[in-house]
**Student:** 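Handing you this structure, nothing more for now.
Chain letters run A, B, ... following the sequence lines, proteins first, then strands; residues in each count from 1.
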Amino acid sequence: MPEGPEIRRAADRLAAAVVGLPLQSAWFAFPALKSHEASLVGHRIEAITPHGKALLTRFDNGWTVYSHNQLYGVWKIAAAGERPGSTRSLRVALDTGRSSILLYSASDIEMWRSDDVHRHPFLMKLGPDVLDPTLTAVAVAERLQDPRFRGRALGALLLDQAFLAGMGNYLRSEVLFAAGLLPERKPADLTPAQIRALARELLAIPRRSYATRGIEPAKGMRGDYLTDTPEGFRFLVFDREGQPCPQCGARIVRQESGSRRLYLCRRCQA
DNA sequence: CTTTAAACCTGCTGGC
DNA sequence: TGCCAGCAGGTTTAAA
């Protein structure tokens, strides 16, 4: 599944469904995890938390399930005894008496001791989470000027989870457009005002995506993208090649950046 | 160090 | 209708 906001929304839904309830059964598709099934039964899920695009499901017996959905994983919530139909393959099922959480198609599932999971290689390298409510625009502006990041092209930097965790490909296009910057620009070349604007949008856009939800899936999008309605999060440039720029009317163009698609307005971004 | 490309995971879409 | 190539919101690895 998707980018930081979608992962965090999934975590919220899952937590509301099962946190605090003792497990009646646990099932893993992976042979390496089979031995954990019996030991989880009777124990409660203490928390389900996103870390960038990874999800940690922590149990009260000292174990934590690490999961990363990559492009394909989808969490679903089922009523007790129910199994929602899916064309995808079921990988994890954690059942309480009231409801279950089911993970389909994830490629990366591991069991870690809760005390050690912060040493997971993926979590180790993550920068601050764009959806961490304590992260400030000032801190992001400072990070943009960190020697590790200031010389890198924004197009690559904005996808680097070591810079800011939770950023993703649609957020990248939207943030660069909102900040009026081309992906070739580097933090070192920006004016203080541009740094401030970029830092502000790096927080504002993921947060708006997380906080709002639309009604209809965006054209060309699949799965949990719920966008493109007046009351929800709306793509201004992403996936809008050839359409008029909402600010100036020029054609939105698509280009490759880091072998990922990126959309921009050549008149509004410089 | 940074950038780029390919590979991998799996599911869906569009074209023939 | 059916099959297949191509594409996708991500990440890792290797090469340049």
**Student:** I'd like to know if A:Arg119 pairs up with A:Asp116 as an ion pair, taking the criterion as any Lys NZ or Arg NE/NH1/NH2 lying under 4.0 Å from an Asp or Glu carboxylate oxygen.
**Tutor:**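 Answer for the salt bridge query: yes.
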**Student:** May I ask you to say what A:Ala106 touches in the nucleic acid, namely base, sugar-phosphate or nothing, with a heavy-atom cut-off under 4.0 Å?
**Tutor:**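 Here A:Ala106 touches no strand at all.
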**Student:** On a whole-Å scale, what distance lies between the P atoms belonging to B:dC9 and C:dC3?
**Tutor:**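 After rounding to an integer number of Å, I get 23 Å for this pair.
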**Student:** Within the structure, does a side-chain N or O atom of A:His68 lie under 4.0 Å from either OP1 or OP2 of C:dG10?
**Tutor:**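 No, no such contact exists.
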**Student:** Answer yes or no for A:Arg113 and A:Trp63: cation-pi contact, defined as NZ/CZ to six-membered ring centre under 6.0 Å and angle to ring axis within 45°.
**Tutor:**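 The answer is yes, since A:Arg113 meets both limits relative to A:Trp63.
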**Student:** What interatomic distance, in whole Å, is found between C1' of C:dG6 and the corresponding atom of B:dA6?
**Tutor:**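 After rounding to an integer number of Å, I get 16 Å for this pair.
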**Student:** What's A:Lys186 touching, base or sugar-phosphate or nothing? Going by heavy atoms closer than 4.0 Å.
**Tutor:**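 No contact.
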**Student:** May I ask you to verify if any side-chain N or O of A:Gln161 is less than 4.0 angstrom from the OP1 or OP2 atom of C:dT11?
**Tutor:**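 Yes.
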**Student:** Identify the nucleotide, in any strand shown, that forms a Watson-Crick or G-U wobble pair with B:dC8, with both distances under 3.5 Å; if there is none, say none.
**Tutor:**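 Pair assignment: B:dC8 / C:dG10.
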**Student:** Under 4.0 angstrom, heavy atoms only, what part of the nucleic acid is A:Arg150 near: base, sugar-phosphate, or nothing?
**Tutor:**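 Contact class for A:Arg150: none.
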**Student:** It should be established whether A:Arg152 places a side-chain nitrogen or oxygen under 4.0 Å from OP1 or OP2 of nucleotide B:dT3.
**Tutor:**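 Checking A:Arg152 against B:dT3: at least one side-chain N or O falls below 4.0 Å of OP1 or OP2.
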**Student:** Are any of A:Thr87's side-chain N or O atoms less than 4.0 Å away from OP1 or OP2 of B:dC12?
**Tutor:**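 Answer yes for this pair, as a side-chain N or O of A:Thr87 is under 4.0 Å from OP1 or OP2.
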**Student:** Identify whether any heavy atom of A:Arg91 sits under 4.0 Å from a base atom; if not, whether one sits that close to sugar-phosphate; answer base, sugar-phosphate or nothing.
**Tutor:**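 Answer is sugar-phosphate: A:Arg91 comes under 4.0 Å of backbone atoms only.
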**Student:** Take A:Arg254 and A:Ala54, find for each the nucleotide of DNA chain C with the closest heavy atom, and name the residue whose nucleotide sits nearer the 5' end.
**Tutor:**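 Comparing both residues, the 5'-ward one is A:Arg254.
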**Student:** Look at the side chain of A:Arg88 and decide which nucleotide, out of B:dC12, C:dG10, C:dA8, has an atom nearest to it.
**Tutor:**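 The listed nucleotide nearest to A:Arg88's side chain is B:dC12.
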**Student:** Any donor and acceptor pair, going by atom type alone, linking the side chain of A:Arg207 with main-chain N or O of A:Asp132 inside 3.5 Å?
**Tutor:**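 Checking the backbone N and O of A:Asp132 against the side chain of A:Arg207, a donor-acceptor pair under 3.5 Å is found.
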**Student:** To the nearest Å, how far apart are A:Phe122 CZ and C:dT13 P?
**Tutor:**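 Going from A:Phe122 (CZ) to C:dT13 (P), I get 12 Å.
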**Student:** Are any of the side-chain heavy atoms of A:Leu144 and A:Leu157 separated by less than 4.5 Å?
**Tutor:**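 Yes, their side chains come closer than 4.5 Å.
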**Student:** Indicate whether OP1 or OP2 belonging to B:dA5 is found under 4.0 Å from a side-chain N or O atom of A:Ser259.
**Tutor:**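 So the side-chain polar atoms of A:Ser259 never come under 4.0 Å of the phosphate oxygens OP1 or OP2 of B:dA5.
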